[in-house]
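Beneath this line is the structure, given in structure tokens, with notes to follow.
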2 protein chains.
Amino acid sequence: MATIKDVARAAGVSTATVSAVVNDTAYVSPELRGRVLAAVRDLRYAPSLVARNLRSGRSQLIALAVADLANPFYARIVTAAEAAVAAWGYSLVLFNSDEKPDIEKRILSRIRTLGCDGSVLVPVGPESQYQRRDFEGGVPVVLLGRSIGDAGVDTVTIDNVSAGKQATNYLLDLGHREIGSITGPTQLTTGSGRLQGMLEAMAARGLAPKTGHVRSGEFREDTAYSVARDLLGQLARPTALYVANGVMAIGVMRAVADLGLRCPEDISIASTDTVAGAGGLKPRLTRTEHPVADMTNEALRMLVDRIEDKVTLPARNVVFQPALVVGESCAPVR
Amino acid sequence: MATIKDVARAAGVSTATVSAVVNDTAYVSPELRGRVLAAVRDLRYAPSLVARNLRSGRSQLIALAVADLANPFYARIVTAAEAAVAAWGYSLVLFNSDEKPDIEKRILSRIRTLGCDGSVLVPVGPESQYQRRDFEGGVPVVLLGRSIGDAGVDTVTIDNVSAGKQATNYLLDLGHREIGSITGPTQLTTGSGRLQGMLEAMAARGLAPKTGHVRSGEFREDTAYSVARDLLGQLARPTALYVANGVMAIGVMRAVADLGLRCPEDISIASTDTVAGAGGLKPRLTRTEHPVADMTNEALRMLVDRIEDKVTLPARNVVFQPALVVGESCAPVR
DNA sequence: CTCTCTTAGCTAATCGTTTAGCTGTCTCTT
DNA sequence: AAGAGACAGCTAAACGATTAGCTAAGAGAG
């Protein structure tokens, strides 16, 4: 790879002049400018970002660490983030913490080392893991999807309580009274919030799920499948089920089919968040959808603000609202 | 951010000693070593990769440029690549060319500028776009999924002809004679190869698809949906359909349902490659599956070989074999 | 004609590391 | 007791860019 010195030598000028021409940062006579540009072409010179960044302290890199790349929900975040990052003139460095707090720790230190200008993080650890000082003075961070107490950090989340409420109210409006739920991990705000919303919606009508009708599916398709098989195989099964995420909904649908039940005739299913392939699912799921792209864009806008302004605004927490999308997976209770 | 100088000052040693301790590259007395480590902890020092890389000429970055991030097939590649890259001690920089050759060009120059140590590329341009010298002497490249003539570049591909053959032979063995196909773009080897395999399989039994029974679905769900609706709405519709990828298969299934047809009773569907959510699809698709993870791992192994060996081995082309996975979407012809 | 002002283009310092090569101390040998 | 060898730890030179500050030459004014 040719360096700025090679170009300077070839054009018979100093490196300062080459830099001036390349970055268009000072006037250079047409004659020299021509010689420099010719040399650049001949030597196929591309300035080294590494060197440039060492000097400027910027890396033009934004890191994104998601909780589970294999989950289509995060795949959508990645897609949106790549586009947004590119639009802002940065490049995206991608990490997968695989829901493991210790991997996340390593990722965070790697992000520091790489000198990323900022990072978007879907936190996976228990709240206790994070300390305020982890974020202060280091690489600017925006948390996405999950919040972690009052870490004094910008955060973009969905209103999980509202998601659970909307889906459950829809089922209640159809006349269902015995509603069960397959929840996510309750130590995550996405898990506990949705469950809370469901419980609140039922409580508002003086109802509560039967014991054993609320079970954790760990946000995983296979776990949800087994739990649903077990739950729906019982005699006293609920007439409707609220499933806390899209991947689990697919597992539940499979369990329903394998048990010989029909949806929505025998059991109504409503879920929160969706997955890419779910469009082809029959029946189409009734669900609350997250504005994933909007949330991701907002997170990056906030991050770039922090990076480029350097103003120490107080941390903001932007909450998006889920929207109920009616499919064919719910029917009035018989 | 603390620098190596700050640490050196705090520990009362030279920067060389700090470097030796941090990288464990020379013997340092326990006493000094202790002081250095303490200073590192106190100052939360993390060596700057930027500076380190400037010196070493390495960036520890591997770029991955895929053709369409929104396609679950590439999402799986991204997942596998992130894991593999991390396992080799690099970090992944992700780009999406969105099937646009000019965006790809910009990405390639960005990869050079960033000083990535290597890159995995799913090429989207017409073969004519690439010139041998684009790859020679620059950042090492491995092409994934699609090949581009004899660019003298390492390549990992799937045997597309075999995929088309296997799926079609399965349909033929069930007694189907009027088989149609929804293909990908035929200027891509993934599109043309699969079609060629299908035609060869039929030709081997003295058959050929009827005119109008072979149509392009552009590897897109919505296009495949419309094409399938049109194709299957006709009176003289085929009894079986070979769909060239997973996303399109979902579109086709939707079209089948919307036309009031039953699969597999009225129409058999076989496809190539799969999508994440397809596990929940009813009926389960009969398809040829790509060993995506294996292919991605192999591509990265080859790339890391190039990066670290610097041996100028001749370019290799590794071809993987697809495997037929039988679902419930095909039935014997009536 | 000389003095000042302008400015094109150069020199050299800087960013944060790594590392070749040097210095000075200590130990061992004869 | 002095010379040789070993080696812990230091100094300073890279890596490839940007940029503050300098030099020197040309132009305009008096």
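Naming: A, B, ... by sequence-line order, numbering from 1 per chain. Everything numeric in this text was worked out from a predicted model, so none of it was measured.
Within the structure, side chain to side chain donor-acceptor pair (under 3.5 Å) pairs that include any residue of residues 14-23 of chain A comprise S14(A)-T17(A), S19(A)-N23(A), N23(A)-R52(A) (at least two apart or interchain).
With sequence neighbours excluded, the residues that form a side chain to side chain donor-acceptor pair (under 3.5 Å) with N160(B) are R194(B). With sequence neighbours excluded, no residue satisfies salt bridge (charged side-chain N to carboxylate O under 4.0 Å, His left out) with E82(B). In this structure R35(A) satisfies the salt bridge (charged side-chain N to carboxylate O under 4.0 Å, His left out) test together with E31(A), sequence neighbours excluded. P291(B) pairs by the side chain to side chain contact (heavy atoms under 4.5 Å, CB included) definition with I158(B), D294(B), M295(B), F320(B), not counting sequence neighbours. For K5(B), the side chain to side chain donor-acceptor pair (under 3.5 Å) test picks out no residue, with sequence neighbours left out. Residues passing the salt bridge (charged side-chain N to carboxylate O under 4.0 Å, His left out) test with D6(A), sequence neighbours excluded: R9(A). R33(B) pairs by the salt bridge (charged side-chain N to carboxylate O under 4.0 Å, His left out) definition with D24(B), not counting sequence neighbours.
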- Annotated protein contacts, base or backbone, on nucleotides 4-16 of chain D with a non-hydrogen cut-off under 4.0 Å, one of B, S, - each: ----SSBBB-BBB
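Contact of the E104(B) side chain with the F95(B) side chain is not registered, since no non-hydrogen atoms from C-beta on lie closer than 4.5 Å.
At a threshold of 4.0 angstrom between heavy atoms, the contacts of N23(A) are confined to the sugar-phosphate backbone, with no base atom among them.
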Only pairs under 3.5 Å count here: list side-chain donor-acceptor contacts from residues 112-123 of chain B, not counting sequence neighbours, and write none if there are none.
unit_1  : atom_1 : unit_2  : atom_2 : d
R112(B) : NH2    : R44(A)  : O      : 3.3
T113(B) : OG1    : S109(B) : O      : 2.6
D117(B) : OD1    : S59(B)  : N      : 2.9
D117(B) : OD1    : S59(B)  : OG     : 3.3
D117(B) : OD2    : S59(B)  : N      : 3.3
D117(B) : OD2    : Q60(B)  : N      : 2.8

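Axis angle between the ends of the helix from dC1(C)-dG30(D) to dT30(C)-dA1(D), five pairs each and rounded to 10 degrees, works out to 60°.
Protein chain A touches strand DNA chain C; the 5'-most and 3'-most nucleotides with an atom under 4.0 angstrom of its non-hydrogen atoms are dA8(C) to dG16(C).
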